[in-house]
Visitor: 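Can you keep this structure in mind? I'll have questions shortly.
Letters go in sequence order (proteins before strands), and every chain restarts at 1. When reading the values below, keep in mind they use all heavy atoms of this one structure, side chains included, and skip hydrogens, waters and symmetry mates.
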Amino acid sequence: MVHEVPTMTAERFDPAAADAKWQRAWDEAQAFRADSASARPTSYVLEMFPYPSGRIHIGHVRNYTMGDVLARYKKLNGFEVLHPMGWDAFGMPAENAAMEKGVHPGGWTRANIDHMKAQLKRLGFALDWSREFATCDPEYYGHEQALFLKLYAAGLVYRKESEVNWDPVDMTVLANEQVIDGKGWRSGAPVERRKLSQWFLKITDFADELLEGLGRLDAWPDKVRLMQENWIGKSTGLQFAFDLSNGERLEVYTTRPDTIFGATFVAVAPDHPVAQAVALNNCEAARFIDACKRGGTTAAELETAEKLGFDTGIGAVHPFTGAHLPVYIANFVLMEYGTGAIMAVPGHDSRDFEFATKYGLPIPRVVAASLEEAAEPLAEAEAGEGVIVNSDFLDGMSVEEAKREVIARLEGQGRGQGRTVWRLRDWGVSRQRYWGTPIPFIHCAACGIVPVPERELPVTLPEDVDFRTPGNPLERHPTWKHIECPGCGGPATRETDTLDTFVDSSWYFLRFASQPADRPFDKDELAKWLPVEQYIGGIEHAILHLLYARFWTRALQHIGLIDVAEPFAALFTQGMVTHETYSREQGGREVWFGPDEVERSGAGATLKADGGPVTIGKVVKMSKSKKNVVDPDAIVDRFGADAVRWFMLSDSPPERDLPWSEAGIEGCWRFVQRLWRLFDFADAAGADPALDRKLHRTIDAVARDIEALAFNKAVARIYELTSAIEKAAPSASRAAAIRTLAQLVAPMMPHLAEEAWARLGQPGLVAQSAWPAVDPALLVEDEVTVAVQVRGKLRDTLTVARGLPGTELEALALASDKVQRSLDGAAVRKVIVVPDRLVNIVA
RNA sequence: GCGGGUGUGGCGGAAUGGUAGACGCCGGGGACUUAAAAUCCCCUGAGCCUUGCUCGUGCGGGUUCGAGUCCCGCCACCCGCACCA
């Protein structure tokens, strides 16, 4: 597939020439510039902007190709389309590069952006580059600082001393969301707990709204909505106080007040004040608490962790029965959730069951399938629905009735009240890093925390920094942080923490839509574009990025800066690009080879270097360690942008993984050439009604498939139409079909489409043409094939005029030889006729 | 453990309860060519007693004239969460 022939011929499409030519033509025509003043209906198509790591990954190519098809299609349909691109440019890798290679994070980042931008340009994406920005541009992060100060003024930003997740390798604080199985999401190092003063965003103020809003995001994947719902973690229940035998009171929280008569013990977290108090005079208790703290926090350790408890000897008085329940310190109770203390109901909670079994505590049943089964023993905790039993005044009630009754009674006693508890915590945004947005605050010994005055924004990063020692270079910088207090004029210091980079990506879609110099955005201009009509990206952002972006949007709406509540009307999460792996046992270990080191034939594969066989392994996500990566530049060089784009859209549904294969891309390359040859035809006269129908059905189907993001189906339709055109005899219909085909493939193969459009003598750019109109009369066939079944099994088919009455269809079906043979003389009992589709004869 | 998803030829996958396997890849056969590449045509779920018949959408049941599709019960794999009271 080497392109020795540099010129375009009727027989051969040359992407090396065509791609650059049309990319230049689009640039010169500013074909994809979004005009906020346009009178057309608007459409905002957005793909998650990339982190400038150095090179575009094939996953980016898939993501951006999907968005591009949609954006181009929308434009053909008369929309003013906003399809922007930029760079999520702050973050750790730039600092790592600075530490490893001695380069400046800014220089490293900008060089990466330049390279990746050139890579994206080669793929011919219909992007409005005039709106490009990087989040590390002082203009961008300066506006971010202004927004942060506005949220502060509105009481949505606060500072508190708190125990934080400290990553000892990256030497920074992590949000709860960035701790995975007790390890840092980037470094993988076990996270430590430290006390630090941190900046927080009050996302919990919006917990209810964020949860409720999910219900209206019906163009989001259910999976993502569910993940966010679980993350927000709303639960409703009862908080009430037990009187303790030592004269104190103990607040507990439960979601199952209906099971209160089944409570047989009370448990507190090891760091609960009650536990701490006991430990003061009891060294055995202190030792137990210490042991609990040493327990691991990884998933595996938690799963196997035994339920352990320490009996404090204190009794808790049951509010209804007056019974004294033992109070335990228990390792499975969390201080961070609820009140850090629980009423334990072993009969109906699996953890309590396990604990009670171990310590020989009673396990009464208080919920049963029916009143008759009140005495049935419990073999395991039953958390389901049922009727309340063995519970005094609750007996016979449903779970829901009993919950209401218990809450009402304890509220009446002034002992407790109904309460909603959330799993969601406030978002800690302080990072002890250099390469991020400086948090615009000043610490003054006299005035305390002072916001940087707006006229002094942006607070820019100093250029002269040193990365030879770990930690925050801003902290060590000789002059940067020393400043006069804007309040009292005395000596003060700047905040040296920078913002979590997820803040940068929480409002970039607003800045794309509107970018005045003096403000973050213009409210009226935003109203023209927002919400994003279609957002496309990876499932890995289902919680963090998407929840934060939703929060920022709501917070900005709350303070009146914008008029939208939800930033992304529709969300699509695309699958990964995968590739088979090649390996060989060598010196007792598995050695991996890249696709370019291997010769792949039908059944097997050999290593180019020595001709020996290699094992073809599983098709998995592309990764450096397995060496199963393909480089976008290399494949664009070989096959051109259109074949690569076509591959990205073919075969696999876009939400599933797409296995890359050499054979597959070669097939796409052949199709590009096959299409090209089709455009070499002589005009002819005469109609071809069958081809007309095929064409219009294809236009209609491709449009619906693109709108549903079912690109693989659109691709299949285009293959079918191409075959039909190839087989058709020359006619005016055929000529029209070929012209229309150029438009149908324009969103997917824009370069070939432009070249063909020009070759056919059509005016202007196909990218700016109008999507072909469908003639509804041509969507229906005048002949249909009807299936004829006997006892539900296919025996024959009939080709008849569409709309043939059922009685006639039935007669034709019964007259069929094949039907009669199959019936073999049996009496017909019933005939089901579905006009234009099928006849089923039941004998 | 809880929650969610997926399961269809050698592979990626089509299929408003109505002809299972569209379309692509791989493979096979043929045409063209001195030859190869490219291109074009045909075949390609399995089996059999091959005008045709039987079986076939993870497994077992069910509803229906008719089930890949709906219902019940399993199995396998993938993803998310993780002692959240």
Visitor: Closest nucleotide of RNA chain B for A/L794 versus for A/Y719: which of these residues is on the 5' side?
Guide: A/L794
Visitor: If I take atom CG from residue A/L214 and atom CE from residue A/M227, how far apart are they, to the nearest 0.5 angstrom?
Guide: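 Output value for this atom pair is 12.0 Å.
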Visitor: Determine whether A/L217 and A/V224 make a side-chain contact, defined as any pair of heavy atoms from C-beta on separated by less than 4.5 Å.
Guide: no
Visitor: Counting side-chain heavy atoms from C-beta on, which of B/C83, B/C65, B/C81 comes nearest to A/K307?
Guide: B/C83
Visitor: Using atom P in both nucleotides, what's the gap between B/C74 and B/G4 to the nearest angstrom?
Guide: 15 Å
Visitor: Looking only at atom P, what distance separates B/U69 and B/G73, rounded to whole Å?
Guide: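 About 16 Å, rounded to a whole number of Å.
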Visitor: Specify the separation, in whole Å, of atom CG of A/L214 and atom P of B/G3.
Guide: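 The distance from CG of A/L214 to P of B/G3 comes to 19 Å, rounded to the nearest Å.
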Visitor: Which nucleotide in the set B/A82, B/G18, B/A22 lies at the smallest distance from any side-chain heavy atom of A/W231?
Guide: B/A82
Visitor: Please classify the nucleic acid contact of A/D349 as base, sugar-phosphate, or nothing, using heavy-atom distances under 4.0 Å.
Guide: nothing
Visitor: With a 4.0 Å cut-off on heavy atoms, is A/R225 in touch with a base, just the backbone sugar-phosphate, or nothing at all?
Guide: nothing
Visitor: In whole Å, what separates the P atom of B/C72 from that of B/C53?
Guide: 36 Å
Visitor: Between B/U39 atom C1' and A/E666 atom CD, what is the distance in whole Å?
Guide: 16 Å
Visitor: Go through B/U19, B/A85, B/A22 for me and flag the one nearest to the A/A716 side chain.
Guide: B/A22
Visitor: Using whole Å, report how far CH2 of A/W660 lies from P of B/C25.
Guide: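 That distance rounds to 14 Å.
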Visitor: Which nucleotide in the list B/C81, B/A85, B/U39 gets nearest to the side chain of A/R670?
Guide: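 Shortest atom-to-atom distance from the side chain points to B/U39.
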Visitor: Give me the distance, rounded to whole Å, that separates B/G27 from B/G9 when you measure between the C1' atoms they each carry.
Guide: 13 Å
Visitor: Counting only side-chain heavy atoms from C-beta out, which of B/U51, B/G3, B/A85 sits nearest to A/T255?
Guide: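 Within the option list, the nearest is B/A85.
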Visitor: Is it true that A/R717 and A/D705 make a salt bridge, defined as a side-chain N closer than 4.0 Å to a carboxylate O?
Guide: yes
Visitor: So what does A/V333 touch, heavy atoms closer than 4.0 Å: a base, only the sugar-phosphate, or nothing?
Guide: base
Visitor: Of the options B/A85, B/C65, B/G3, whose atoms approach the side-chain atoms of A/L226 most closely?
Guide: B/G3
Visitor: I'd like the P distance from B/G62 over to B/G56, given in whole Å.
Guide: 14 Å
Visitor: Which value, in whole Å, describes the distance between the C1' atoms of nucleotides B/A22 and B/C75?
Guide: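 One C1' to the other, the span is 30 Å.
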Visitor: Using the ring of each side chain (for Trp, its six-membered ring), is A/W427 parallel, tilted or perpendicular to A/Y548, with breaks at 30° and 60°?
Guide: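 Parallel: the ring planes of A/W427 and A/Y548 meet at under 30°.
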Visitor: Taking the P atom of each, how far is B/C48 from B/G58, in whole Å?
Guide: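 One P to the other, the span is 24 Å.
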Visitor: Quick check: on RNA chain B, is the nucleotide nearest A/N230 upstream (toward 5') of the one nearest A/R423, or the reverse? Name the residue that is more 5'.
Guide: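 By nearest-heavy-atom nucleotide position, the 5'-most residue is A/N230.
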Visitor: From B/A85, B/C23, B/C26, pick the nucleotide closest to the side chain of A/E720?
Guide: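 Between B/A85, B/C23, B/C26, the one nearest the side chain of A/E720 would be B/C23.
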Visitor: Rounded to whole angstrom units, what separation is found between the CD atom of A/Q789 and the P atom of B/G17?
Guide: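 These atoms are roughly 16 Å apart.
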Visitor: Is there a Watson-Crick or G-U wobble partner for B/C40 with both distances under 3.5 Å, and which nucleotide is it?
Guide: B/G30
Visitor: How many Å lie between NZ on A/K818 and C1' on B/G52, as a whole number?
Guide: 9 Å
Visitor: If the glycosidic angle is within 90 degrees of 0 it's syn, otherwise anti, so just tell me which one B/G62 is.
Guide: anti
Visitor: Does a side-chain N-to-carboxylate-O contact under 4.0 Å join A/R225 and A/D222?
Guide: yes
Visitor: Sticking with atom C1', work out how far B/C59 lies from B/A76, rounded to a whole angstrom.
Guide: 10 Å
Visitor: Does the distance from a Lys or Arg side-chain N to an Asp or Glu carboxylate O, for A/R674 and A/E726, drop under 4.0 Å?
Guide: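 A salt bridge links A/R674 with A/E726.
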Visitor: Would you mind telling me which of B/C83, B/A22, B/G52 lies closest to the side-chain atoms of A/R821?
Guide: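 Nucleotide nearest to A/R821's side chain: B/G52.
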Visitor: Given that both distances must come in under 3.5 Å, which nucleotide forms a Watson-Crick or G-U wobble pair with B/C23?
Guide: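 For B/C23, the partner nucleotide comes out as B/G12, under the 3.5 Å rule.
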Visitor: Show me the donor-acceptor pairs, under 3.5 Å and distance only, between side chains in residues 643-653 of chain A and residues at least two apart or in other chains.
Guide:
unit_1: A/R645; atom_1: NE; unit_2: A/M748; atom_2: O; d: 2.9
unit_1: A/R645; atom_1: NH1; unit_2: A/D68; atom_2: OD2; d: 3.0
unit_1: A/R645; atom_1: NH1; unit_2: A/L123; atom_2: O; d: 3.0
unit_1: A/R645; atom_1: NH1; unit_2: A/G124; atom_2: O; d: 3.3
unit_1: A/R645; atom_1: NH2; unit_2: A/D68; atom_2: OD2; d: 2.7
unit_1: A/R645; atom_1: NH2; unit_2: A/P747; atom_2: O; d: 2.9
unit_1: A/W646; atom_1: NE1; unit_2: A/Y719; atom_2: OH; d: 3.1
unit_1: A/S650; atom_1: OG; unit_2: A/W646; atom_2: O; d: 2.6
unit_1: A/S652; atom_1: OG; unit_2: A/D657; atom_2: O; d: 3.1

Visitor: Rounded to the Å, how far apart are A/I232 CD1 and B/A82 P?
Guide: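 In whole Å, B/A82 P and A/I232 CD1 are 14 Å from each other.
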Visitor: Polar atom pairs between nucleotides 7-16 of chain B and protein, under 3.5 Å, N or O only, would you list them?
Guide:
unit_1: B/G12; atom_1: O2'; unit_2: A/S652; atom_2: OG; d: 2.7
unit_1: B/G12; atom_1: N2; unit_2: A/D651; atom_2: OD1; d: 2.9
unit_1: B/A14; atom_1: OP1; unit_2: A/N712; atom_2: ND2; d: 3.4
unit_1: B/A15; atom_1: OP1; unit_2: A/K713; atom_2: NZ; d: 2.8
unit_1: B/U16; atom_1: O4; unit_2: A/R837; atom_2: NH1; d: 3.4

Visitor: Distance check needed: B/C78 C1' versus A/K223 NZ, whole Å only.
Guide: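 Taking NZ of A/K223 and C1' of B/C78, I get 8 Å after rounding.
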Visitor: Could you tell me whether A/E783 and A/R693 make a salt bridge, using a distance below 4.0 angstrom between a side-chain N and a carboxylate O?
Guide: no
Visitor: Which nucleotide, if any, forms a Watson-Crick or G-U wobble pair with B/C2, using both distances under 3.5 Å?
Guide: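 WC or wobble partner is B/G80.
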Visitor: Need the pair for B/C59. Rule: Watson-Crick or G-U wobble, both distances under 3.5 Å, any strand; none if unpaired.
Guide: B/G73
Visitor: So, do A/L675 and A/L741 sit near enough that their side-chain heavy atoms are less than 4.5 Å apart?
Guide: yes
Visitor: In whole Å, what is the span from the CZ atom of A/F332 to the C1' atom of B/C83?
Guide: 8 Å
Visitor: Does A/F355 have its ring centroid less than 6.0 Å away from the ring centroid of A/Y328?
Guide: yes
